[in-house]
Amino acid sequence: QGQLVESGGGLVQPGGSLRLSCAASGFPFSLYAMEWYRQAPGKERELVAAISSAGGSTSYTDSVKGRFIISRDNAKNTLYLQMNSLKPDDTAVYYCNAVNRAWGQGTQVTVSS
């Protein structure tokens, strides 16, 4: 079925940056559109960003536009999420998703002073 493993989460101060990675294995990564979701305590999981299989098309939820960048390296079977100008409201568990294929286990991002 495939496996996705996120990394790069942690504690960061407001205004700081983090880069999340999602390593894929066990399926043809380059054929799948990929997404980043997040889920904050007590809230529903929300779609943050998406990227097409070849990386030529991206989309973002309004709250992260201009601050987050989704990208992928199909040669390395890896998805990324560069997060800049982080805010406390960005605090959540972040998950990567291969559309209709697999979910990662999540990585915690905490934005706090």
Side-chain angles (χ1 to χ4, degrees):
Q1 297 94 340
Q3 184 177 17
L4 297 171
V5 179
E6 300 97 335
S7 61
L11 173 64
V12 63
Q13 292 187 343
S17 297
L18 282 176
R19 188 174 83 152
L20 305 183
S21 299
C22 172
S25 61
F27 69 99
F29 176 76
S30 64
L31 298 184
Y32 284 81
M34 297 293 297
E35 299 169 328
W36 284 101
Y37 282 77
R38 66 185 179 187
Q39 187 166 21
K43 295 186 177 181
E44 293 186 355
R45 190 172 296 191
E46 68 165 337
L47 177 62
V48 175
I51 188 167
S52 60
S53 57
S57 178
T58 59
S59 61
Y60 301 89
T61 192
D62 285 347
S63 62
V64 308
K65 283 181 181 177
R67 300 188 299 121
F68 289 12
I69 300 171
I70 188 172
S71 63
R72 66 192 296 162
D73 185 337
N74 285 345
K76 294 183 178 179
N77 289 347
T78 303
L79 175 73
Y80 303 100
L81 185 67
Q82 177 67 43
M83 305 187 295
N84 302 319
S85 302
L86 283 161
K87 305 174 181 180
D89 283 350
D90 296 318
T91 295
V93 178
Y94 283 72
Y95 300 89
C96 62
N97 173 48
V99 179
N100 296 323
R101 186 71 190 231
W103 284 90
Q105 83 290 348
T107 186
Q108 176 71 47
V109 172
T110 303
V111 184
S112 175
S113 55

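All figures in this text were calculated on a predicted structure; none of them were measured in a lab.
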Asker: Locate the shortest heavy-atom distance separating S63 from R38; write the atom from each residue and the value.
Answerer: OG-NH2, 3.3 Å
Asker: Between L4 and L79, is any pair of side-chain heavy atoms under 4.5 Å apart?
Answerer: no
Asker: Find out whether V111 and P14 are in side-chain contact, i.e. whether some heavy atom of one side chain is under 4.5 Å from a heavy atom of the other.
Answerer: yes
Asker: Once you round to the nearest 0.5 Å, how far does CD1 of I51 lie from CD of E35?
Answerer: 11.5 Å
Asker: Any salt bridge between D62 and K65, counting N to O under 4.0 Å?
Answerer: yes
Asker: Distance check, rounded to the nearest 0.5 Å: L11 atom CG versus Q108 atom CD?
Answerer: 9.5 Å
Asker: Quick one: CG on L18 to CD on Q82, what's the gap to the nearest 0.5 Å?
Answerer: 8.5 Å
Asker: So, applying ring pair (Phe, Tyr, Trp, His ring centres under 6.0 Å) with Y37, which one of Y95, Y94, W103 is it?
Answerer: W103
Asker: Compute the centroid of each ring, for F27 and then for Y32, and state whether the two points are separated by less than 6.0 Å.
Answerer: yes
Asker: Would you check if the side chain of Q105 reaches a backbone N or O of V5 as a donor-acceptor pair within less than 3.5 Å?
Answerer: no
Asker: If you look only at pairs with a residue in residues 17-93, which of them pass as a disulfide bond (SG atoms under 2.5 Å apart), with sequence neighbours excluded?
Answerer: C22-C96
Asker: Between I70 and M34, is there a side-chain heavy-atom distance shorter than 4.5 Å?
Answerer: no
Asker: For S17 and N84, which heavy atoms make the closest approach, and how far apart are they?
Answerer: OG-OD1, 3.0 Å
Asker: Which heavy atom of A92 sits nearest a heavy atom of A40, and at what distance?
Answerer: CB-N, 3.8 Å
Asker: Membership question, hydrophobic clusters at under 4.5 Å side-chain separation (ILVMFWY): are I69 and L20 in the same one?
Answerer: yes
Asker: Answer yes or no: is there a side-chain heavy-atom contact under 4.5 Å between S71 and R19?
Answerer: no
Asker: Would you mind reporting whether D90 and R67 have side-chain heavy atoms less than 4.5 Å apart?
Answerer: yes
Asker: Is there a continuous path of hydrophobic side-chain contacts, each under 4.5 Å between heavy atoms, that joins Y60 to Y80?
Answerer: no
Asker: Can you tell me how far CZ of F68 sits from OG1 of T58, rounded to the nearest 0.5 angstrom?
Answerer: 14.0 Å
Asker: Please check: side-chain N/O of R101 versus main-chain N/O of A33, any donor-acceptor pairing under 3.5 Å?
Answerer: no
